[in-house]
Amino acid sequence: MPITLGDAFQNWNPSTNLPTSGATVDGGVIAMLEPNMFRNKVMLPGVTYATDVESLMIDNQFAVAFIRKLEKIKVTMCKATDKDAFRVVSTQSDGDFLEIKCNDVLKVAEIVNEPIDKARVSGKTADKVALASESYDEIKELRYLSYLINGGGSPDPTDVGAPASANTAQCTKDNVLDNIIEDRKTLKKAGATPDTLLISEDTDAVFLKYIGNRNYFSTASESEVAALGVEFAGTLFSKKVRVFTSNALGQDNSELVGEEANSSEWDWSNIEYILYDHKTLSIINIARYIGLVDYAAIQHNSTLISILSVCGGRIRNTKKAIAKKYATASVSGGGSADSE
């Protein structure tokens with residue numbers, strides 16, 4: 001006869017944590033991280049950021065890479081009747097070198113109370129690895145986003161992240177697409193090809209109210225969602241710009257990365273969207289390690305789950321990215337601007 005929940009409690013001895021009277025009770029605990037703590041994964045290699053620098057460094061075992069940011073080749077113009085019109089005059093291209101270097105170490109170390117030989121085949125260890133990986137992936141997501149927003153993924157002092165949009169008025173359902181169009185115009189005038197739009201959940205809510213008014217937006221198909229993830233919302237401007245919703249934008253992420261609340265680097269509360277050319281965001285992750293380590297010398301009969309990576313990144317050309325931030329309007333008697 002199956003043991004009921006009541007039988008289980010009646011036969012359980014709280015003083016020894018063992019079942020009494022010879023009873024055997026099978027039970028299980030599902031380990032689950034609360035989903036609302038975690039940030040949407042919108043940092044997709046080759047889709048929302050470039051990986052060519054990473055490939056260069058891994059293939060050649062480089063510790064540091066440089067991008068030579070060439071100026072346009074000089075072309076002179078004159079009349080065919082001029083004295084020296086057909087005389088060859090050499091032109092010289094030049095440009096700046098941008099340093100890209102792994103500047104960050106991300107690591108997770110979780111202890112499993114089992115010897116390493118048993119831990120290798122234990123289902124409990126597999127669960128713990130999955131949970132540790134999920135937490136690691138969240139912090140990696142935030143750090144990759146910070147390379148786009150704040151810079152700092154390389155020690156180069158010119159690595160400062162995406163410039164702010166000139167427009168600081170908060171988006172409403174009536175102007176959100178107009179704001180995106182204006183910022184897109186600014187980027188295109190500078191020679192960029194903006195193809196990626198990351199929006200906050202607040203902006204997504206405002207954006208949805210606008211979609212019915214115009215037909216610039218195409219919702220994601222099932223195949224696109226399968227390939228790019230559920231955060232892929234669709235495309236704008238005849239599929240020229242991919243739109244992703246990130247719940248890391250529009251709120252403070254300081255505590256998640258162990259910083260004090262409202263840290264200037266991690267408080268992204270006023271960011272509504274970021275529009276950029278994904279090829280300008282270079283991200284590298286050259287040392288990835290995940291494994292089980294015998295930890296018995298430190299803690300009896302234990303195994304350490306270790307996840308570690310060395311990463312970095314930066315924007316190559318700040319003329320190819322814009323972060324739309326709003327300034328909270330001062331209202332008599334307190335309060336702030338209406339976000340709808």
Rounded to the nearest 0.5 Å, what's the gap from CD1 on I111 to OG on S306? Could you check?
11.5 Å

Donor-acceptor under 3.5 Å (T203 side chain, E272 main chain)
yes

Output for pair (K188 NZ, T186 OG1), nearest 0.5 Å, gives 12.0 Å

Closer than 3.5 angstrom, by distance alone: can the side chain of D277 be matched with the main-chain N or O of A192 as a donor-acceptor pair?
no

Can you get from V241 to I180 by hopping between Ile, Leu, Val, Met, Phe, Trp and Tyr side chains that sit under 4.5 Å apart?
yes

State, to 0.1 Å, how close L249 and L198 come at their nearest heavy-atom pair, and which atoms those are.
CD1-O, 3.7 Å

Between G153 and D159 the two heavy atoms that sit nearest each other are N-OD2, 3.0 Å

Going through the checks in order, is the side-chain hydrogen bond (donor to acceptor under 3.5 Å, both in side chains) test met by N113 and Q299?
CA-CA 8 Å; N113 295 313; Q299 187 168 320; 3.2 Å; yes

Separation between CG of D204 and CD1 of I199, rounded to the nearest 0.5 Å
4.5 Å

Just checking, any donor-acceptor pair under 3.5 angstrom between side chains of D252 and S254?
yes

T196 side-chain N/O to T48 backbone N/O, donor-acceptor pair under 3.5 Å:
no

With sequence neighbours left out, what residues match K41 under side chain to side chain contact (heavy atoms under 4.5 Å, CB included)?
D137, E141

For A169, is there any backbone N or O sitting under 3.5 Å from a side-chain donor or acceptor partner on N167?
yes

Within a radius of less than 6.0 Å around CD of E255, do more than 12 heavy atoms belonging to other residues, nucleotides or ligands occur?
no

T158 versus D156, side-chain donor and acceptor atoms under 3.5 Å:
yes

Write out all pairs satisfying ring-ring contact (aromatic ring centres under 6.0 Å, His included) with one or both partners inside residues 257-284, taking only residues at least two apart or from two chains.
W266-W268

Main-chain N/O of E99 paired to R314 side chain as donor or acceptor, under 3.5 Å:
yes

Can you name the residues that form a side chain to side chain contact (heavy atoms under 4.5 Å, CB included) with D52, not counting sequence neighbours?
A50, S282, R316

Without hydrogens or angle criteria, can the side chains of Y326 and N179 be said to hold a donor-acceptor pair below 3.5 Å?
no

To the nearest 0.5 Å, what is the distance between CD (E138) and CG (N253)?
8.0 Å

Can any side-chain N or O of T303 pair as donor or acceptor with the backbone N or O of I116 at less than 3.5 Å?
yes

So does N285 get a backbone contact from the side chain of E54, meaning a donor-acceptor N/O pair under 3.5 Å?
yes

Here the gap from I307 atom CD1 to K107 atom NZ, rounded to the nearest 0.5 Å, amounts to 13.5 Å

Could you tabulate the donor-acceptor pairs under 3.5 Å formed by side-chain atoms of residues 223-240, not counting sequence neighbours?
| from | atom 1 | to | atom 2 | distance (Å) |
| --- | --- | --- | --- | --- |
| S223 | OG | S221 | OG | 3.1 |
| E224 | OE1 | S221 | N | 2.9 |
| E224 | OE1 | S221 | OG | 3.4 |

Can you tell me if D267 and S269 form a side-chain donor-acceptor pair at under 3.5 Å?
yes

With C102, which residues qualify under side chain to side chain contact (heavy atoms under 4.5 Å, CB included), at least two apart?
I284, I286, V310

Where do K101 and A63 come nearest, in terms of heavy atoms and distance?
CG-O, 4.1 Å

Between S309 and Y136, is any side-chain donor less than 3.5 angstrom from a side-chain acceptor?
yes

Considering all heavy atoms of both residues, which atom of G152 and which atom of R143 are nearest to each other, and what is their separation?
O-NH2, 3.4 Å

Is D183 paired with K324 through a side-chain N to carboxylate O contact shorter than 4.0 Å?
no

Mind jotting down which residue pairs meet the ring-ring contact (aromatic ring centres under 6.0 Å, His included) criterion with at least one end in residues 280-308? Sequence neighbours excluded, please.
none

Is the shortest heavy-atom distance from the side chain of N103 to the side chain of S154 under 4.5 Å?
no

Mind checking the CZ-CG spacing from R288 to L106? Nearest 0.5 Å is all I need.
11.5 Å

